[in-house]
**Student:** 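Could you have a look at this structure, given as structure tokens, before my questions?
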Amino acid sequence: MAQRPTGVKSNEASASPARFRSKHLLAIGDLNRFEAEQLLDRAETFEPMLEQKIKKLDTLRGRTLINLFFENSTRTQSSFELAGKRMGADVVNMSVKSSSVAKGETLIDTAATLNAMRPDLLVVRHGSSGAAELLARKVDCAVINAGDGKHEHPTQALLDAFTIRRRLGQVEGLNIAICGDVLHSRVARSNVALLNILGANVRLIGPPTLMPPGAERWGAHVHHNMRDGLKDADVVMMLRVQRERMDGGFFPSAREFFWFYGLDEDKLKHAKPGALVMHPGPMNRGVEIDSVVADDPNVSLIETQVRMGVAVRMAVLEALAEPGSNQETR
Amino acid sequence: MTTKPTLIKNAKLIDPAKNKVEDGAILFADTILDVGAISSAPDGAEIIDADGHHIAPGLIDMRVTIGEPGAEHKETFKSAGRAAAAGGVTTMVMTPNTSPVIDDQSLVDFVLRRGVDRSGGVHILPAAALTKHLDGELMTEIGLMAEAGAVLFSNGDKPILSSRVLRRALSYATAFGVLVANRPEDPFLAEGGVMHGGELAARLGLPGIPDIAESIMAERDLTLAEVTGGRLLLDMISAARTLPALKRAKEKGVKAVASVNVHHLVLNENDVDGYRSFAKLSPPLRGEDDRRALVDAVATGLIDVIVSGHNPQPAEEKRLPYEEAAFGAVGLETLLAGALTLHHKGDASLSTLIRAMTLKPAEILNLPQGRLSKGAPADVILIDVGAPFKLDSDKLKSKSNNSPFDGKLLQGVVKRTFIAGKTAFTA
């Protein structure tokens with residue numbers, strides 16, 4: 001596998017679009033280190049453009065991107081929509097109310113209908129793990145997983161890595177703590193995978209009931225005491241905790257969760273001085289994160305993450321829109 | 001104010017960390033200053049001649065039900081403290097099945113502050129509820145209550161029926177290293193039962209609680225402790241059938257411990273004969289084979305802890321037709337004498353028995369008490385191990401007097417109880 005040291009930004013690489021072996025981006029496992037770095041390099045060239053008055057390229061002119069969202073997501077959907085439009089593609093948004101019965105069947109029917117419209121790129125968000133992969137088998141175009149159940153959310157991980165790299169120069173060798181409800185988090189799964197590919201030291205922090213069995217075999221150290229887990233951390237990634245997990249008995253109350261696993265100034269002091277804080281949003285203030293930390297521009301990268309999302313997704317769309325670029329298909 | 005030093009000389013010392021009883025003396029103020037051969041006492045010390053009687057650490061009773069708050073007619077901190085000191089119990093772990101249930105950090109704090117205020121110095125440590133309102137469904141704020149001072153988490157007399165809830169609770173508790181207790185009894189198998197489900201129950205025409213009601217749930221609990229890595233207390237086991245699973249689990253390194261109610265070491269189902277509602281306990285007194293197996297398990301250390309299972313019930317709850325009477329017996333004042341029965345019969349050594357009521361619970365609960373070593377808190381009892389007496393339950397200091405030992409001959413009298421070096425009881 002081709003490898004290149006992280007953080008070294010070759011002009012040649014950043015000048016050319018990223019190319020993937022895989023036809024789709026369904027999980028971080030579809031990427032190797034070279035591809036991931038090439039993609040981040042490419043996003044690097046798009047990022048300054050987003051500050052310009054005219055923010056549009058014509059790379060994807062005449063191409064069609066369909067946003068197929070079975071779950072509501074303002075942030076991810078608008079990020080993909082903007083990315084598509086800025087690359088010059090025609091973007092169609094489809095919000096599908098997920099029917100509770102015969103989901104699999106509906107999804108395949110939907111796939112056939114969409115396929116008949118001959119899109120070039122299909123971005124899908126679905127509440128069931130594996131839905132993106134099922135769809136990818138049924139359509140001819142490239143499929144980008146924008147979050148499937150409790151499985152993966154690869155573009156979130158890419159934008160997180162991109163945000164870290166822009167701020168700290170490189171990802172390799174950093175101590176990165178991912179905290180909260182790891183068990184139900186697709187963001188955590190994608191991040192652990194990508195950060196490992198990029199050479200970071202990953203820790204997972206959370207109560208034992210919200211830690212997946214065998215998480216230590218993912219290439220991460222598992223901590224149940226947040227202060228211990230944060231020791232020497234360069235970056236702290238907080239995950240969203242959903243209230244229904246409390247009623248499901250995974251933890252007893254929001255106040256207990258905040259006391260032991262909520263990121264506040266005191267706990268953050270156990271990380272490396274100047275450690276940075278991230279959150280994929282939307283935040284539960286006072287449950288997993290204290291507003292004092294979330295809103296501190298010196299430590300919080302939360303807004304930056306949103307901005308970086310568009311640049312990273314532009315690079316992803318570009319890489320997958322080129323049918324000739326893929327040497328192999330899944 | 002500093003505590004006046006006390007020297008007890010000419011004593012037999014039962015140090016639960018050792019396997020023998022040694023002649024010697026003990027010097028203490030609020031902590032133990034010296035143990036062994038002590039030649040002189042500091043000025044102003046009270047000197048007591050033990051006259052060859054035994055010294056042991058104050059007993060730690062890991063299972064005491066007190067009616068306060070909510071059922072003060074059964075027992076209060078004050079009456080429980082009085083009974084405990086008379087029984088040589090210097091630390092009580094109080095069950096959370098009060099009204100309100102101890103399922104919130106403020107109630108844990110209430111028990112800690114109010115308890116010691118009223119108990120005459122006897123330490124009252126709260127066991128907090130494992131599930132909210134003891135409903136067996138949603139776990140409580142285990143972390144916050146552990147920080148507030150709850151020493152273990154239990155669902156009182158109600159077993160956790162849902163395997164998922166117990167699994168999550170055991171797993172969650174590992175983050176804080178706390179002990180989770182469950183009373184193993186399958187409520188479906190035990191439903192309606194009022195005594196051991198055996199031949200005698202059939203003859204008496206009483207619905208029985210089979211031993212498998214306990215062993216089946218205990219095996220489930222041990223499996224859950226194994227997979228979660230959680231610390232489990234099998235609370236008051238009664239059946240021989242439960243023991244092999246406990247032994248296997250311990251050999252595998254599962255973090256499980258077990259307790260037994262002292263009544264189950266001394267009495268059996270025959271004590272129920274004649275429809276004696278005062279011998280109606282939960283779990284029920286079982287067959288003689290079960291009792292013998294429990295005694296052996298205490299002697300070998302397979303069962304870690306002996307508890308009183310103190311459960312005060314007023315006469316109006318007990319003096320009823322057997323089937324309608326309440327479960328439970330008081331035990332604070334008979335824990336020691338009951339356990340010493342095993343010593344007098346030659347079934348278990350004195351140090352083993354004392355260890356199961358002092359050092360073992362102290363280790364399980366991370367308490368500094370329960371030791372006869374320099375620096376340990378001076379919770380110390382002076383006992384006449386051989387002194388015989390006939391229990392008159394009307395003379396018990398507890399507010400309720402429901403004891404199945406009533407009228408029985410027992411041996412072992414507490415002569416004096418010291419808590420943090422101060423006298424809490426003198427016979």
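All chains are named by letter (A, B, ...) in the order of the sequence lines, taking the proteins before the strands, and each is independently numbered beginning at 1.
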**Student:** Tell me, side chain or backbone of B/Leu138 under 4.5 Å from chain A's heavy atoms, or both, or neither?
**Tutor:**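 Only the side chain of B/Leu138 comes within 4.5 Å of chain A.
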
**Student:** Taking C-beta and beyond as the side chain, do A/Leu263 and A/Phe258 meet within less than 4.5 Å on heavy atoms?
**Tutor:**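 When only atoms from C-beta onward are counted, A/Phe258 and A/Leu263 do not touch, as no gap falls below 4.5 Å.
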
**Student:** Do A/Leu239 and A/Val187 come close enough that some side-chain heavy atom pair is under 4.5 Å?
**Tutor:**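 Counting from C-beta outward, A/Leu239 and A/Val187 do come under 4.5 Å.
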
**Student:** Without hydrogens or angle criteria, can the side chains of B/Arg167 and B/Ser162 be said to hold a donor-acceptor pair below 3.5 Å?
**Tutor:**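 No, no side-chain donor-acceptor pair sits under 3.5 Å.
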
**Student:** Identify which of A/Pro207, A/Pro252, A/Pro213 forms the greatest number of heavy-atom pairs closer than 4.5 Å to chain B.
**Tutor:**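 Ranked by contacts with chain B, first place is A/Pro252.
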
**Student:** Can you tell me if A/Asn191 and A/Asp160 form a side-chain donor-acceptor pair at under 3.5 Å?
**Tutor:**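 There is such a pair between these side chains.
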
**Student:** For B/Arg63 and B/Ser259, test the side chains for any donor-to-acceptor distance below 3.5 angstrom and give the result as yes or no.
**Tutor:**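 Side chains of B/Arg63 and B/Ser259: no pair found under 3.5 Å.
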
**Student:** What part of B/Glu147 is in contact with chain A, defined as an atom under 4.5 angstrom from a non-hydrogen atom: side chain, backbone, both or neither?
**Tutor:**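 Just the side chain, heavy atoms under 4.5 Å.
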
**Student:** Side chain from CB out, backbone as N, CA, C, O: work out which of these in A/Phe257 comes under 4.5 Å of a heavy atom of chain B, or both, or neither.
**Tutor:**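 Neither; nothing under 4.5 Å.
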
**Student:** Heavy-atom pairs under 4.5 Å with chain A: which of B/Ile142, B/Thr131, B/Thr174 has the most?
**Tutor:**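 With the most close heavy-atom pairs to chain A, the winner is B/Ile142.
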
